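All of these numbers come straight from a predicted model, not from anything done at the bench.
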Amino acid sequence: MYFKEKGEDVKEQVKTIKKFGEEAIFDARSLGGWRFFVLGFQHLFAMFGATVLVPLLTGLPISSTLLFAGLGTLLFHLISKKKVPAFLGSSFAFLAGYMSIAPNKEPELLLYACFGVALAGLMYLILAFAFQAFGAKKVMQFFPPVVTGPIIIAIGLNLSKSAVENCSSNWALALTAIVVVIVCNIFGRGMVKIIPILLGVLVSYLLAAVLGFINFEPVKNAAWFGFPVQYNRTVFSLFTSGNLDPALLLSSCFTIIPISFATMMEHIGDISAISSTVGINYMKDPGLHRTLTGDGLATTLASLFGAPANTTYGENTGVLSLTKVYDPRVIRLAAVFAVFLSFCPKFSAVIEVMPSAVIGGISLVLYGMISAVGVRNVVETKVDFSKSRNIIVAAMILVLSIGINYSGAGALIFNVFGVQIAFSGLAT
């Protein structure tokens with residue numbers, strides 16, 4: 001296998017290192033308090049751009065998005081026995097669903113879409129029950145490395161489009177971020193080597209500010225404190241407003257729930273990628289039944305309060321791969337930061353005015369790392385591509401997932417009894 005069996009308790013992992021960035025770190029507290037703090041911020045910045053982008057595209061509240069990204073991550077860690085170093089951020093997979101129900105970002109229509117996404121999150125529990133009832137070994141026979149490897153590769157490649165589009169707004173800033181990350185990761189020493197993403201963001205952001213590419217007026221006008229949830233933007237208000245449209249509610253369910261089948265496969269691919277990156281079989285311990293449950297419940301919770309669906313974030317897996325700091329406590333610290341900062345609109349404004357090219361440059365590195373992990377998965381498990389069956393399986397996964405995502409519609413759309421059902425390609 002591409003991951004090593006470490007027994008029942010991950011806490012028995014090596015907790016000290018000789019040199020930062022050269023050996024795996026499973027207990028980041030050994031680095032010291034301020035380094036532990038900075039590592040948490042690095043994960044926060046890694047997920048922030050994409051997490052905020054989803055509400056910007058759909059019209060969902062940004063503050064609620066941050067709040068439930070943090071709470072969803074903490075819930076996931078609680079259910080998964082605090083073992084898996086995964087951060088849950090906004091899912092792009094449901095964009096087609098949101099936009100089909102609320103094409104013009106209408107707040108009242110978005111509530112119907114959120115209801116559909118909440119039910120889609122509950123679908124995870126059904127697959128989780130299958131893993132619990134029949135065992136991961138039997139169920140994972142349907143998800144061998146020849147399946148999960150190409151899925152991981154496709155996740156990174158599908159995301160590359162948004163990264164390049166963001167970079168194209170200012171390639172100078174994007175390349176600055178990329179170069180800083182590469183130089184810090186390859187030639188850096190000590191703490192510099194394990195926070196390349198954060199340094200890449202800071203250097204390129206400061207350069208953009210000095211060159212006058214950032215308008216800080218929204219930051220100036222933003223309040224220091226604000227409650228992140230408004231009742232009239234929650235699903236609960238849909239049933240108390242007296243204006244419920246049952247037909248639209250049913251239509252949103254038929255449209256959005258099928259997307260969960262793609263996101264559940266994406267979840268398995270993400271957990272496989274994290275397992276491959278860290279070297280621990282998280283699909284066995286704590287088990288996919290726990291990680292699926294945590295992911296699904298986090299999505300349902302977020303959707304009920306008007307935030308986007310959650311998903312295990314590839315960007316943070318990329319950070320794990322670059323830094324070799326695998327301590328889940330760092331992820332939980334980032335989640336606490338997200339919750340805390342959701343109450344501060346001024347901080348959200350600071351991030352929102354960040355040039356898209358900076359986000360693109362960082363994303364380009366992280367998305368590439370995801371695909372590289374998928375390639376390593378296939379290589380280390382010695383998938384035999386001399387067998388026609390393996391070639392066909394890998395080819396169909398890559399071609400369909402990437403082809404659907406880059407098609408004009410961005411999804412496979414079927415009409416079932418007059419209701420449009422969209423199956424999107426694999427995304428964050």
Side-chain angles (χ1 to χ4, degrees), residues 17 19-25 31 34-35 37-53 87 89 152-153 155-216 273 277 313-326 330 334 350-376 428:
I17 59 168
K19 294 181 180 180
F20 295 152
E22 294 184 4
E23 295 186 16
I25 303 171
L31 300 176
W34 72 271
R35 293 187 178 93
F37 189 86
V38 172
L39 287 168
F41 257 108
Q42 178 171 245
H43 275 283
L44 178 71
F45 274 96
M47 70 84 188
F48 206 101
T51 291
V52 171
L53 182 58
F87 194 99
I152 297 170
I153 295 170
I155 289 171
L157 294 180
N158 278 326
L159 293 169
S160 64
K161 180 181 179 181
S162 64
V164 173
E165 287 176 347
N166 285 330
C167 289
S168 63
S169 64
N170 192 320
W171 274 104
L173 287 178
L175 289 175
T176 298
I178 293 171
V179 170
V180 170
V181 171
I182 293 174
V183 170
C184 291
N185 184 252
I186 296 177
F187 303 106
R189 292 291 183 270
M191 193 63 181
V192 171
K193 191 175 181 65
I194 60 177
I195 56 168
I197 302 299
L198 183 58
L199 292 176
V201 169
L202 291 177
V203 171
S204 52
Y205 192 104
L206 289 174
L207 177 63
V210 170
L211 296 177
F213 292 145
I214 302 177
N215 176 18
F216 286 102
T277 299
Y313 244 38
E315 287 87 340
N316 297 86
T317 303
V319 173
L320 294 176
S321 183
L322 277 173
T323 65
K324 293 183 172 59
V325 178
Y326 304 142
V330 174
V350 170
I351 303 300
E352 287 172 38
V353 299
M354 182 188 301
S356 59
V358 175
I359 298 173
I362 296 300
S363 299
L364 203 64
V365 176
L366 296 179
Y367 298 159
M369 294 298 297
I370 298 169
S371 292
V373 168
V375 173
R376 192 178 77 180
T428 301

How long is the gap from OG1 on T277 to NZ on K324, to the nearest 0.5 Å? 10.0 Å
To the nearest 0.5 Å, what is the distance between CG (L39) and CD1 (I25)? 7.5 Å
Report, one line per pair, each donor and acceptor closer than 3.5 Å where one atom sits in a side chain of residues 197-215; sequence neighbours left out.
residue: S204; atom: OG; partner: G200; partner atom: O; Å: 2.6
residue: S204; atom: OG; partner: V201; partner atom: O; Å: 3.2
residue: Y205; atom: OH; partner: V350; partner atom: O; Å: 2.9
residue: N215; atom: OD1; partner: E217; partner atom: N; Å: 3.1

Measure the shortest side-chain to side-chain distance between V330 and Q42 over non-hydrogen atoms and say whether it is less than 4.5 angstrom. no
For T176, side chain to side chain donor-acceptor pair (under 3.5 Å) partners two or more places apart: none
Return the minimal non-hydrogen interatomic distance between L173 and A357, and the atom names on each side. CB-CB, 4.1 Å
